[in-house]
Number of protein chains: 2
Amino acid sequence: MLRKKPTTRPVTIDEVASHAGVSIKTVSRVMNREAAVRDSTRQRVLAAAKELNYKPNPAARSLASNRSYFVAMVYDNPSASYLLDFQSGALEACRERGYSLLLQPCDYQSPQLLEELVTLVTERGNPGLVLTPPLSDLSDVVEQLDKLGVKFVRVAPVDPEHPSPYVAVDDRAAAYDLTRYLIDMGHKRIGFIKGHPHHGASQARFEGYRGALRDRGLSFDKTLIVQGFFSFDSGEQCGRTLLARKDRPTAIFASNDEMAAGVLHIAHELQIDVPSTLSVAGFDDTPVSRYTWPSLTTIRQPVEAMAKSVVGTLIAVMRDERKKDQSKGTLFPYELVIRGSTGPFGR
Amino acid sequence: MLRKKPTTRPVTIDEVASHAGVSIKTVSRVMNREAAVRDSTRQRVLAAAKELNYKPNPAARSLASNRSYFVAMVYDNPSASYLLDFQSGALEACRERGYSLLLQPCDYQSPQLLEELVTLVTERGNPGLVLTPPLSDLSDVVEQLDKLGVKFVRVAPVDPEHPSPYVAVDDRAAAYDLTRYLIDMGHKRIGFIKGHPHHGASQARFEGYRGALRDRGLSFDKTLIVQGFFSFDSGEQCGRTLLARKDRPTAIFASNDEMAAGVLHIAHELQIDVPSTLSVAGFDDTPVSRYTWPSLTTIRQPVEAMAKSVVGTLIAVMRDERKKDQSKGTLFPYELVIRGSTGPFGR
DNA sequence: AGCGGCGATGACAACGCTTTCAATACTATA
DNA sequence: TATAGTATTGAAAGCGTTGTCATCGCCGCT
C-alpha cells in the first residue's frame, strides 16, 4: 500500500495577505493583536484568515521573533496524581494562550541539574519554566536560572524570598487546622509522619502540627515524630514504627495521602480498627484518599487552579506583559476534608 | 530591580562552521548524521560543536525542513496512573531521539474531535500522534487522519485491521488467565464488572472471562455481569449491585483496578471479609492496587515499555525510516500479579 | 499654503537551518 | 597518465514569520 499521502500544504501568511489585499506585515500585525491597524483593515484580514483557515506557522514565528511558545514543567516525581492535576491546570493555561506544554522530568539531586535545564532551554527554544517542588526550593538553581535570564515561576517554594513569581498554599496553617481538628476530637497523642526532608512543605506542615499542639496546650512528644518520604512504602514503615509501641498514638497525621494510605495498611495488618481506635489523616486530597478504607480525612489543595494561575503568570512574564506592581506570590485557599478515617477515640 | 537579563545568545551553525573551517552545510550534515562526510571532517565538526556547546535551533530546523520534532499524546482521561506511566515511557522514547512530547487531552465523544486534532496538527507543526484508548478505536477518526496524511500510532486498538502501527496486550488472554486462576481457587460464582463500553479492551476482557468459564465447564450466569465505566464510583455501584444479592458471588473480577477498589470499599461497608468470603481482582496493576486493603490481585501491563516502544515506532514513521516488512503491531506480555484480595473461598 | 506629527501600511532584511544542485577532490580503471 | 565515476563539500535559495525603518496620508496649527 504505497498511496501517496496528500498532506495538504498549510496556508501561509502570503496567501492571507493577497486574499485580503494587504501586505504580509499587516496580516502579521493583526495576528499578533498589535494596535496600529485600522479597524476596517483588521476585519478584512480576520475574515480572510478565517476563510482560508490560516494558522501561523509556529516554527517560523519563533524563529523570526526569537520568542518561545512553550512552557516546560520541570518535576521530580512528586505524587502521581498531583502531577496530573497540575498538568491539567497548566495545559489549560497554555491552551488559552496558544502555548504548548513540555514535560521535563529530572533528578533534583543530580549535580548536572542546572546544566540539564540550560540544555533544555537552549535546545527547545527558550521555553519558560515551571519549577515544581522540590525543585522550587533549590536556591542555587533558582539563582543561576535567574542570572541566565531564564524565565520561570515556582510552585510551593518554602522560601518566597526570591523575586520570581510563585503559587502556594499556606501549608503551615493547613496542617495547623488539621491538627487542631484532631485535638478537638479528643486526641492527645497524635503521631506525625514528616514529609520528604527536601520538600519545603514538609517543614511547614510539621510546624503547623507543632503550633496546634502548643496552642492547645498539648505536650510535644518527640518520639511521636517519624521521618517519612512521601511514599506509600515509607508510610507503611513509619506506621509500623508508631503502631508497634505499647503507648501508641490514637491518631496519626501523615504529611501526605500516600503515606497515610501506608499507615492504614499497617493498621489493617495489626487489626487496629480505624477510626474507633486509631484516626489517620493525610494531606493533598489525591484520589488515593478515596481508595483507602476508610476514606481519608485530608487537606485539599486546589492544585489545578494553582497550576493554571502560575502558568498564566509565567506566560505573562515571557511576554513581558507583567505589571510591575503585581504581587509576586499568590496563596491559594486550602480546605479541610473530613472523611471516615478520623473520629473521636473510643468510638 | 531592572537589571538587564544577559540571555546569552545561543551558538549558531555559522559559528561552528567557521570554527571547524567548513561550510554550514557540512555542519548540518554532521548534525543530521548524514553519510557523505569524511570521517576526519566529521570529527573536526563534532569537536567544534562540542567546544562551542552548539545546539541546533529547533525552530529553524523545522521551518527549513518542514519536519516536526514533536509527538503529541492524545488522550481522554483513562486512569490517571496509566496516563503517567504512559507519559513516562513516551518521554523516554522522545528524549532518546531529540523529540518533544506534547499533551492533548480531548473529549473522544466530541463531534469536533477530528477538527481539533487537525488544528493541533497544523498549529503545532505537524507532530506525530499517539492515540490512546478509547481514541484508538474511533475508526472514522483513524481513517480520516490517515487520509489527511497525519502520522500516528495507536495504543491498544481493539481492531488491528487498520495498517497503522500499534501496541497492545492480549487483554482476552490476560482476563482468561485471571479468571482461570479464580476458578482454580475454587470459585464457582464469579461476578464480572465490565469496563467502559467504548473501550475496546472492555470487550476483550469480558471475552476472556467468558472463555475461561466455558473451558472450565462453569455455567455463565448473566446476572453476575454488570456494566461499569472504569471509575471508582462505578465500581462501588456495581459492587453494591453484586453484593446486595442473596446468592452473591464469591469472587468479583473488575475490569480495572479503580473499579476493584470501589468493590472493596463496598465490601468493607457491608462487612464482608476479603478474601475469606469474597475475592476481588482488578486489572492494570496501577498504584491503586497497593493502596487498597487488601492489596489487589491484578494483571500487570508493561505500560511504560509499551509507550516507549510505540512512540519509537511513531518517530521512525515520521522519519520515514520504517522498514516496510516491519510488523505493524506489537503485543506485549502481561503478568498475573497475585496479592491479598483473592484466595480460596471460606478461608 | 506650509509644516510638524502621528496613524497606518508596506518593503525588505533578517532569523538559523535544510534542500538543491553545482563544484571540487579523490579513486579506481584503462 | 588520462578518464570516468564517486565521494565530499559548498554556494545559494528558500522555509514562513517578525523587526526595522521608510513611506504615505491626513490632521491641526501657524
Side-chain angles (χ1 to χ4, degrees), chain A residues 7-46 48-49 52-70 98 121-126 318-320, chain B residues 7-46 48-49 52-69 98 122-126 318-320:
Chain A
T7 312
T8 43
R9 197 182 45 73
V11 183
T12 71
I13 198 172
D14 301 82
E15 305 175 49
V16 178
S18 65
H19 196 276
V22 297
S23 76
I24 61 169
K25 181 62 209 184
T26 298
V27 177
S28 169
R29 287 196 179 93
V30 171
M31 300 312 290
N32 290 290
R33 295 183 170 65
E34 287 175 32
V37 179
R38 193 176 320 176
D39 201 56
S40 61
T41 313
R42 176 185 310 280
Q43 297 310 329
R44 206 145 30 93
V45 171
L46 286 176
L52 300 178
N53 189 28
Y54 168 64
K55 311 281 178 194
N57 177 318
R61 229 144 111 108
S62 48
L63 177 59
S65 67
N66 190 30
R67 224 181 262 159
S68 171
Y69 296 90
F70 289 99
V121 167
T122 65
E123 260 180 353
R124 293 289 176 263
N126 201 33
M318 292 168 70
R319 286 187 183 156
D320 280 322
Chain B
T7 313
T8 42
R9 198 182 42 71
V11 184
T12 72
I13 198 173
D14 301 82
E15 304 175 49
V16 179
S18 65
H19 196 275
V22 297
S23 75
I24 62 169
K25 177 61 213 184
T26 298
V27 177
S28 170
R29 287 198 178 92
V30 172
M31 299 313 289
N32 290 292
R33 295 182 171 66
E34 289 175 31
V37 179
R38 192 175 320 175
D39 201 56
S40 60
T41 313
R42 175 186 309 280
Q43 296 311 327
R44 209 145 30 94
V45 171
L46 286 176
L52 299 177
N53 190 28
Y54 169 64
K55 311 281 178 194
N57 177 319
R61 231 144 109 110
S62 47
L63 177 58
S65 66
N66 191 28
R67 225 182 261 158
S68 171
Y69 295 90
T122 65
E123 259 180 353
R124 293 288 177 264
N126 201 33
M318 292 169 70
R319 287 187 183 153
D320 280 323

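Letters go in sequence order (proteins before strands), and every chain restarts at 1.
- For the atom pair OG1 of B:Thr26 and CZ of B:Arg38, the computed distance is 10.5 Å after rounding to the nearest 0.5 Å.
- For A:Arg29 against A:Ala36, the heavy-atom pair with the smallest separation is CD-O, 4.1 Å.
- Contact detail for B:Arg42 and B:Arg33: the closest heavy-atom pair is NH1-CA, 4.5 Å.
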Quick test: give all pairs of protein nitrogen or oxygen and nucleotides 13-15 of chain C nitrogen or oxygen below 3.5 Å, distance rounded to 0.1 Å.
residue, atom, partner, partner atom, Å
C:dC15, O2, A:Ala64, N, 3.4

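- Annotation: proximity of residues 34-45 of chain A to DNA chain D (heavy atom, distance under 4.0 Å) is found for no residue.
- By the side-chain contact (heavy atoms from CB on, under 4.5 Å) test, A:Ser18 pairs with no residue at all, sequence neighbours left out.
- Taking 4.0 angstrom as the limit, A:Ser23 places none of its side-chain polar atoms (N or O) nearer than this to OP1 or OP2 of C:dT9.
- The shortest non-hydrogen separation linking B:Gly125 to B:Ser68 is O-CB, 2.8 Å.
- Applying the side-chain contact (heavy atoms from CB on, under 4.5 Å) test to A:Asn32 and every residue at least two apart in sequence or in another chain returns A:Ser28, A:Glu34, A:Arg61.
- When all heavy atoms of B:Asn53 and B:Val11 are compared, the pair lying nearest together is O-CG2, 4.2 Å.
- Reading DNA chain D from its 5' end, the first and the last nucleotide to sit under 4.0 Å from a heavy atom of chain B are D:dT8 to D:dG16.
- Using a 4.0 Å heavy-atom distance criterion, B:Pro56 is classed as a sugar-phosphate-only contact.
- A:Arg44 pairs by the side-chain hydrogen bond (donor to acceptor under 3.5 Å, both in side chains) definition with nothing, not counting sequence neighbours.
- Contacts classified as salt bridge (charged side-chain N to carboxylate O under 4.0 Å, His left out) and involving residues 11-22 of chain A (residues at least two apart or in different chains) are given here: A:Arg9-A:Glu15.
- Of all heavy-atom pairs spanning A:Ala20 and A:Val45, the tightest one is CB-CA, 4.1 Å.
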Please tabulate, one pair per line, each protein N/O and nucleotide N/O from nucleotides 20-22 of chain C that are separated by under 3.5 Å, including the distance.
none

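- Partners of B:Arg124 by side-chain hydrogen bond (donor to acceptor under 3.5 Å, both in side chains), not counting sequence neighbours, listed by chain and number: A:Ser100.
- Applying the side-chain contact (heavy atoms from CB on, under 4.5 Å) test to A:Ala64 and every residue at least two apart in sequence or in another chain returns nothing.
- A:Asp14 places its CG atom 13 Å from the P atom of C:dG10, with the value rounded to the nearest Å.
- For the side chain to side chain contact (heavy atoms under 4.5 Å, CB included) criterion with B:Val30, the lone passing option out of B:Leu46, B:Val22, B:Thr41 is B:Leu46.
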